[in-house]
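The chains referred to below are lettered A, B, ... by the order of the sequence lines, with proteins before strands, and numbering in each begins at 1. Given the structure is predicted, the values throughout are model-derived calculations rather than measurements.
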Amino acid sequence: MPAPPTHLLGPDFFDRPADTVARQLLGQWLVVRDSNGKIMRHVVHETEAYLGADDLACHGRSGPTQRNGTMFGPAGRWYVYRCYGLHWMLNIVTGPKGLPAAVLLRGVGQWSGPGRLTKGLAITGGFNGLAATRKSGLWLAGSGMAVSRALVHCTPRIGVGYAGKWAKKLLRFVVDPAAL
DNA sequence: GCAGTGATCATA
DNA sequence: ATGATCACTGCC
């Protein structure tokens with residue numbers, strides 16, 4: 001069910017399987033309010049799903065730790081962590097509380113690559129654990145556009161070769177921004 | 001193709 | 001306390 005245009009996507013949208021959320025986020029908007037109060041929106045064109053404790057590529061695979069605690073919380077919060085010492089990764093938590101699942105935003109607007117989009121939008125670990133609402137200054141909104149399944153490319157996730165059979169699952173979702 | 005980068009986590 | 005690992009990027 002497509003959300004009405006510019007409708008804030010909340011727990012009703014995110015409290016579902018991460019692969020469903022990742023797929024349906026394509027074509028929706030990441031909305032940012034900057035320090036001047038100006039609001040900018042960027043279309044989501046690449047995502048990855050991390051499914052929970054059974055998923056050997058998922059940070060939650062070994063239970064809660066200091067870093068991944070947000071993943072075990074309720075859906076609709078930001079999970080932001082630092083990767084390779086310098087890049088911030090932006091995820092939205094999905095599924096029921098207690099299930100460590102999330103969707104990684106890999107491409108929005110002009111940016112392609114999870115580290116580049118956070119750098120471009122000045123998103124840091126300060127957002128970790130915050131609800132994705134207007135109050136936080138960073139949220140997701142329905143664009144009213146449903147991307148047809150035929151336009152979505154499904155591939156293995158990037159950089160998770162250590163995850164055995166889970167490395168091969170088609171949990172990365174890409175749509176050509178030019179098609180949006 | 002591979003170095004940079006430093007937090008994180010398992011092991012002790 | 002120590003060492004291997006790592007959901008990446010940029011430059012060779």
Listed pairs, N/O of protein and of nucleotides 5-9 of chain B, under 3.5 Å:
unit_1 : atom_1 : unit_2  : atom_2 : d
B:dT5  : O2     : A:Tyr84 : O      : 3.1
B:dG6  : N2     : A:Gly85 : N      : 3.3
B:dC9  : OP1    : A:Thr65 : OG1    : 2.3

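- The nucleotide C:dA7 finds no pairing partner, because no Watson-Crick or G-U wobble arrangement with both distances shorter than 3.5 Å includes it.
- Atom NE2 in A:His87 sits about 9 Å away from atom C1' in B:dG4, given to the nearest Å.
- The phosphate of C:dG10 has OP1 or OP2 within less than 4.0 Å of a side-chain N or O from A:Arg116.
- Note: NZ (A:Lys169) to P (C:dA7) measures 18 Å, nearest angstrom.
- A distance-only check finds no donor-acceptor pair linking the side chain of A:Arg23 to the backbone of A:Thr20 [under 3.5 Å].
- Taking atom CZ of residue A:Arg172 and atom C1' of nucleotide C:dC8, one finds them 13 Å apart after rounding to whole Å.
- Base pairing of B:dT5: no nucleotide in any strand meets the Watson-Crick or G-U wobble criterion (both distances under 3.5 Å).
- We find that CG of A:Leu104 is positioned 10 Å from P of C:dA7, with the value rounded to whole Å.
- Side chain of A:Trp166 to backbone of A:Asp54: a donor-acceptor contact under 3.5 angstrom is found.
- Side-chain atoms of A:His59 never come within 3.5 Å of backbone atoms of A:Gly69 as a donor-acceptor pair (strictly under, hydrogens ignored).
- Side-chain N or O atoms of A:Asn36 include none that pairs as donor or acceptor with a backbone N or O of A:Lys38 at under 3.5 Å.
- Nucleotide C:dT9 holds its C1' atom 13 Å from the CD1 atom of A:Ile158, rounded to whole Å.
- The CE atom of A:Met89 sits 9.5 Å away from atom OH of A:Tyr84, with the distance rounded to the nearest 0.5 Å.
- If you take CH2 of A:Trp111 and P of C:dG10, they are 14 Å apart, rounded to a whole angstrom.
- Counting only distance, with no hydrogens or angles, the side chain of A:Arg33 and the backbone of A:Arg134 share a donor-acceptor pair below 3.5 Å.
- Atom P of B:dT5 sits at a distance of 22 Å from the matching atom of C:dT2, rounded to the whole Å.
- Between A:Leu90 atom CG and C:dC8 atom P the separation is 14 Å, expressed in whole Å.
- On a pure distance criterion of 3.5 Å, a polar donor-acceptor pair joins the side chain of A:His59 and the base of C:dA7.
- Proximity of a side-chain donor or acceptor of A:Asn68 to a complementary backbone N or O of A:Gly63 within less than 3.5 Å is detected.
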